[in-house]
Amino acid sequence: MQAVRQDPASGRLALTLAERWHQLPVAEQDRLAELLQGRALELGYERLSLLDGQGRVLARSARVGSGMILLAHSVSTTRQDAA
């Protein structure tokens, strides 16, 4: 993790992830996103966003239902899956 941005008044938490995130298999990205969301909920945050170093959203908490929605899987994992 590179940075944490908290907004307790609105229940939002944004985590900027290290580049290593992109090297993880998709299943591990899913698992870690869910783990981070669980921890955020325990700390009282209703909304979690996972960002890359440029501030692009990689994943966010679902607005309807529960869980995390991964918006951008790593490029290296996508290439491996296609092979």
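Note that the structure is predicted; figures quoted are calculated from it, not measured. Just so you know, residue 1 is the first one in the sequence shown, and it goes up from there. The figures here come from the full heavy-atom set of this structure, side chains too, leaving out hydrogens, waters and symmetry mates.
In summary, the side chains of Q37 and Y45 do not present any donor paired with an acceptor at a separation below 3.5 Å, with no hydrogens or angles considered.
The salt bridge (Lys or Arg N to Asp or Glu O under 4.0 Å) pairs that include a residue from residues 54-69 are D52-R56, where partners are two or more places apart or lie in different chains.
Atoms CG and CG, from L32 and L15 in turn, are 11.5 Å apart once rounded to the nearest 0.5 Å. L35 contributes atom CG, which lies 12.5 Å from atom CG of D30 (distance to the nearest 0.5 angstrom). Expressed to the nearest 0.5 Å, how far CD of Q54 lies from OG1 of T16 amounts to 10.0 Å. Put simply, CD on Q2 and CH2 on W21 are 13.0 Å apart, with the number rounded to the nearest 0.5 Å. To the nearest 0.5 Å, the span separating CG on L13 from CZ on R47 amounts to 13.0 Å.
The shortest side-chain heavy-atom distance between L58 and L51 does not fall under the 4.5 Å cut-off. A heavy-atom distance below 4.5 Å is found between the side chains of Q6 and V4.
When all heavy atoms are compared, the tightest approach of L70 to A33 is CD1-CB, 3.8 Å. Of all non-hydrogen atoms in E46 and S61, the two that sit nearest each other are O-OG, 3.9 Å.
At a threshold of 4.0 Å, the pair E34-R31 does not count as salt-bridged, since none of the basic side-chain nitrogens sits closer than that to a carboxylate oxygen.
Among residues two or more places apart in sequence or in another chain, the salt bridge (charged side-chain N to carboxylate O under 4.0 Å, His left out) test is passed with E19 by none.
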Quiz item: side chain to side chain contact (heavy atoms under 4.5 Å, CB included) between D7 and R5: does it pass, once the steps are laid out?
Solution: CA-CA 7 Å; D7 187 357; R5 188 174 62 222; over 6 Å; no
Quiz item: When you look at M68 and L50, which way does the side chain to side chain contact (heavy atoms under 4.5 Å, CB included) test go after all the steps?
Solution: CA-CA 10 Å; M68 290 292 286; L50 303 180; 4.0 Å; yes
